[in-house]
Structure formats: C-alpha cells, structure tokens
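Each remark here refers to the structure printed beneath this line.
Computed from a prediction, not measured in an experiment: that's the story for all the values here. Convention: sequence-line order gives letters A, B, ...; per-chain numbering from 1.
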2 protein chains.
Amino acid sequence: MIMYANYIPTVCMEEKKTMARNKYPEETLNQILTVSLNLFMEKGYEHTSIQDIINGLGGLTKGAVYHHFKSKEEILQAVIGRLNQGVDEVYASIRDDKSLNGHEKLRKIFRVSLNDHSKPEMTSTIPNLLDNPRMLAALLRNITEESVPKYIQPIIEHGLADGSIKTDYPKELSEVLMLMGNLWLNPLVFSDTTENALRKCRFLQQVLLGLGFDLLDDQMIERCGQLFRVYNEKA
Amino acid sequence: MIMYANYIPTVCMEEKKTMARNKYPEETLNQILTVSLNLFMEKGYEHTSIQDIINGLGGLTKGAVYHHFKSKEEILQAVIGRLNQGVDEVYASIRDDKSLNGHEKLRKIFRVSLNDHSKPEMTSTIPNLLDNPRMLAALLRNITEESVPKYIQPIIEHGLADGSIKTDYPKELSEVLMLMGNLWLNPLVFSDTTENALRKCRFLQQVLLGLGFDLLDDQMIERCGQLFRVYNEKA
DNA sequence: TAATACATACCTTCAGTTGGTATTAAAGTT
DNA sequence: AACTTTAATACCAACTGAAGGTATGTATTA
C-alpha cells in the first residue's frame, strides 16, 4: 500500500517568466513528471490530455514536452518508474539490512508500508484505481515483476535460511502477501471504511497465524486503521 | 477464473451479401459484440479502433455500429456485461441450489470455475491482461462489485447459518477467496507454468486448511493443472 | 560552433456526428 | 385479404473535431 504515496496533489507550479530555454532542464523534466502524476491520479491516464499537462506547466508548450518525452505513453512509464523507484529504495534497504533476520524484515516491510502513506496531505479527492486502469495495471505489474522477485521473495528465502520463517512455498507466500497488503488493503483500490479495513487486517492476521506467521501486531493494525481514517476524511 | 471463458477467438463471420437492412437486427448486434470481444482480448481495448471492429464485420459500416452503440465505451460495457452475465447465471444457480449446504456450494463454485475454462479451443494467442488494463479493471470490478456481494458472501453467510462454514469474517473471506481464485489463479493475469500453478493450488489449499476449510481436493488441483496445461500449449 | 531547450505550425489518426436512403412493420383503406 | 400509407428502423457515406504526434525554426548554453 506504499505505492502512489509520494505524490503531491494539485499544488499548482508557480509560473515562470517566459524564458526561451531553461538552464537546468531536469527541473523542467521533473515538473512534467510531477504535473503528469497529479493529473494521472486525479483524472486518470486516459482522460488526461497532453494539453492538460501543458496547462499545468508554467507557460511551457507542447514542444517542451515532446522534447523530453517521445510520447504520452513514455511519460506514463517515467511517472510509474519514479513511483516504483521510491518503493524500491525502501524495500532494498530493508532487504539488505544485515541486522535483521527474514521474519523481522517482513514485519518491517509491512510497517513502513503503513507509515509512508500518512505523509501527503490530500487536498483533492483521489478517485478509485478501478477507474484508472493504467495505474491499476501498473500497480499489479510492479507487485508481480518487481516487488515480489526482487525483495519479498529474497527476504523470505533469507528467512528460510536463518530459520526465522518456515514455509514450503516461498514464492507463493510472497505473492499472496503482496496481493493482500498492496492490493486488497490498498485504499486506492478497495475504498473501505475504517471499520472494514480493520476487519480486513484482523482477518489477514488470522490467515497469517494459520500459516504460522506472527507478522501483524495490534499496533500495526491500528496504524492501518489510521491510514484509512486519513483517506476517508477527505471524502 | 471462469471469466472470459465463453468467447470464441478469431473465427471470422461469414460475409453477407450487401443488404441495406437486416431483418433481424439483434444478429448484427451480437456480431458486433462478438467481434469486439475477440479484438479486445487479442489487441486490447485501447489498441482496437472502431475501424478494426468494422473490418471484422461482414461489410457493415461505421453507421451500423453507431446505430447500435453510442460510443466505443458503450461497446466495452456491453461486452463486459455479456461476459459477466454468463458467470452470473452459473453462480446464481449454485447459490440458489436448495440441495447443497454453504460449504458444498463454495466447493462447487470452485469446481465449475476450473471446468468452464477448458472448453474454448484457443486458436489465437491471448496476451496477458496486464497489457489490457481495461479488461483487467473490469475483472477486478466484477469480483468486488458483483461476484462477492451477490454470490460468494451470501453463500458463506448461508454456510454460517447451516453450520457448514465457520468464520468471523464472511465478507473478508469472500473477497480473499475470489482474489485468489479469479485473479491470482487466473492464467490470463498470472501466466504461470503448469508446475507453478499446481504449487499455487497446494499453497492455497494449505491456507484454507489453516482457516479450517477443506475446499480444495486433489482432484480439483489436478483440474487446475490441466487448465494451465491447455493454456500453455497454445503458446 | 555544436548541441540543447524550447516554440510554432502543421499533420494524422480516430472517435463521434449528420443527413440521408432503403427496408420493414404497423396502421389504415378498400 | 390485398393494397396503400406512414412511421420507425437499420444502415450508409461524408464530414467534423479533438488529441497525439511531427517538422522546422530559434534562442540559449556549453
């Protein structure tokens, strides 16, 4: 549920005086990505036109956009890439933390997934990802092709080696964990009430206990409740 | 995983002699839906143009399409609706079957989900739904907004009443069951090898046993293996 | 001087519209 | 029952507009 956390909703970029060329082009590039991400989240990728993006920029034109990106699709990929990069760094640091065993790493992954979400103050309403198919697909793809094979599964296999995790199905467990945590418990996908979210957490806790894992404690569940409370307040 | 089963891949409609008007317009309508479904599955919704659909029809023109549907989006909705309708009828008949208790109904749902998939002979390659965001979103939406509340959850609550199912989380269990069965074990989304699919099944069996449910037996798991074998053969 | 960072104008593709025509079904007439 | 009239239907052909993308030019920086 960490994904799509680090984006800043609808804060308009300050307009620059028209200059023919920016000395620091990566500012422009970042601005395009930021504006695009906000629009993609608010209106959805397919309902965001290039003109919408241009309007969100400070006086820049289509030429600028197509100088940095060769298509709208490429903008999307870059936006997704930046989102994933943020998650990747967090996951990687946990995976490579020598001071934790596998089980502790898994818990930490869960914990930060809940924390990292609380920071952005949501000014605008964020529509459900079910109405934003491209972003939804990107989320699922990131889970299956990045998070699981690069981080979760290695962590679980490390846990198998150090004895802190026991399972005959490391890959399957990884996938299910991520599907539960990042899809089923994602307020952007399942816009549950706080109460429903808490029930989900407790059910997940029970499922994991049935598999012999004590991953979710009451504090983490309460944190999840808070997360949903924040999300539901701005509705 | 039953969804998207009843579509017939790339069998071209026989061309009718140009007639100014069809006496039986619902033939035309069905033809549009069939052609569209095939194209949407093969090329994806966004990469299918109205012209592609028209080309798949037997000499009909754009006017015909826009006479029956007022937008491309509406064609999609109709296509999805027809797919969902097929699933709905099967699920409803099981839900309303007085001769089964709740637990038996759940098992039957799982069983038919595996059977109904084997019938279409896939002539064309079906790309992954991750590359077909609109259809993926439709699948997820159908799970959360149709299958779970209308069928699975009522069945589980019926099972609670008749004592064949025990859980404190009927809704949560419903959602997780459907996510596992229709998304995670869906070859259109997770294109696993047969061996991987079997491992998933056995893991799922273990999870369910941990919750006190004996839903998956070895025969059903083998059936799932067959399902994936069929899918992987045409690749 | 060459590459870069844009701007402007144009092109293309595709969803959707408009106005018409032939066909069918229904209603009225004999 | 046959025949005409009428209205709705099923479709066709040509057009429109919006949006993604391109080509070319220009000022700026390295």
Inset, instruction - Map A:Lys70 and B:Glu26 onto DNA chain D by nearest heavy atom, then report which one ends up closer to the 5' terminus. - result: B:Glu26
Legend entry - Nearest listed nucleotide, side chain of A:Ile50, among C:dA15, C:dC6, D:dG20: D:dG20
Legend entry - Between C:dT24 (P) and B:Glu27 (CD): distance, integer Å: 13 Å
Inset, instruction - Would you state whether a donor and an acceptor, one from the side chain of B:Lys72 and one from the base of C:dG16, lie under 3.5 Å apart? - result: no
Inset, instruction - Compare the minimum distances between each of C:dG16, C:dC14, D:dA19 and the side chain of B:Tyr66, then state the nucleotide with the smallest one. - result: C:dG16
Legend entry - B:Asn232 side-chain N/O to B:Asp192 backbone N/O, donor-acceptor pair under 3.5 Å: yes
Legend entry - Sidechain-backbone polar pair: B:Glu74 side chain, B:Lys70 backbone, donor-acceptor under 3.5 Å: yes
Legend entry - Under 3.5 Å side-chain donor-acceptor pair for A:Glu27 and A:Gln31: no
Inset, instruction - Using a 4.5 Å cut-off on heavy atoms from C-beta on, say whether the side chain of A:Ile94 contacts that of A:Val112. - result: yes
Inset, instruction - Report the nucleotide, chosen from D:dG20, D:dA14, D:dG21, that has the shortest atom-to-atom distance to any side-chain atom of B:Lys62. - result: D:dA14
Legend entry - Listed nucleotide nearest any side-chain atom of B:His68, set D:dG20, C:dC6, D:dC11: D:dC11
Legend entry - Gap between atoms NE2 and C1', on B:His47 and C:dA15 respectively (whole Å): 16 Å
Legend entry - A:Arg21 side-chain proximity, nearest of C:dA3, D:dC12, C:dT17: C:dA3
Legend entry - Given D:dC11, D:dA10, D:dG21, the nucleotide with the shortest approach to the side chain of B:Pro25: D:dA10
Inset, instruction - Please state how far atom CG in B:Asn30 lies from atom P in D:dA10, giving the value in whole angstrom units. - result: 14 Å
Legend entry - Spacing between A:Ile54 atom CD1 and C:dC6 atom P, to the nearest angstrom: 13 Å
Inset, instruction - Establish, with yes or no, whether the OP1 or OP2 oxygen of D:dA10 is under 4.0 angstrom from a side-chain nitrogen or oxygen of B:Thr28. - result: no
Legend entry - Atom pair distance, as rounded to whole Å: NE2 in B:His67 and P in C:dA22: 17 Å
Inset, instruction - Would you indicate what A:Thr61 reaches in the nucleic acid, counting non-hydrogen atoms under 4.0 angstrom: base, sugar-phosphate, or nothing? - result: base
Legend entry - A:Arg95 backbone acceptor or donor facing A:Lys108 side chain under 3.5 Å: no
Inset, instruction - Please report, rounded to the nearest Å, how far the P atom of D:dC15 is from the CD atom of B:Gln51. - result: 16 Å
Legend entry - Whole angstrom value for the distance that separates P of D:dC11 from CD1 of B:Ile53: 15 Å
Legend entry - Gap between atoms CZ and C1', on A:Phe69 and D:dA19 respectively (whole Å): 19 Å
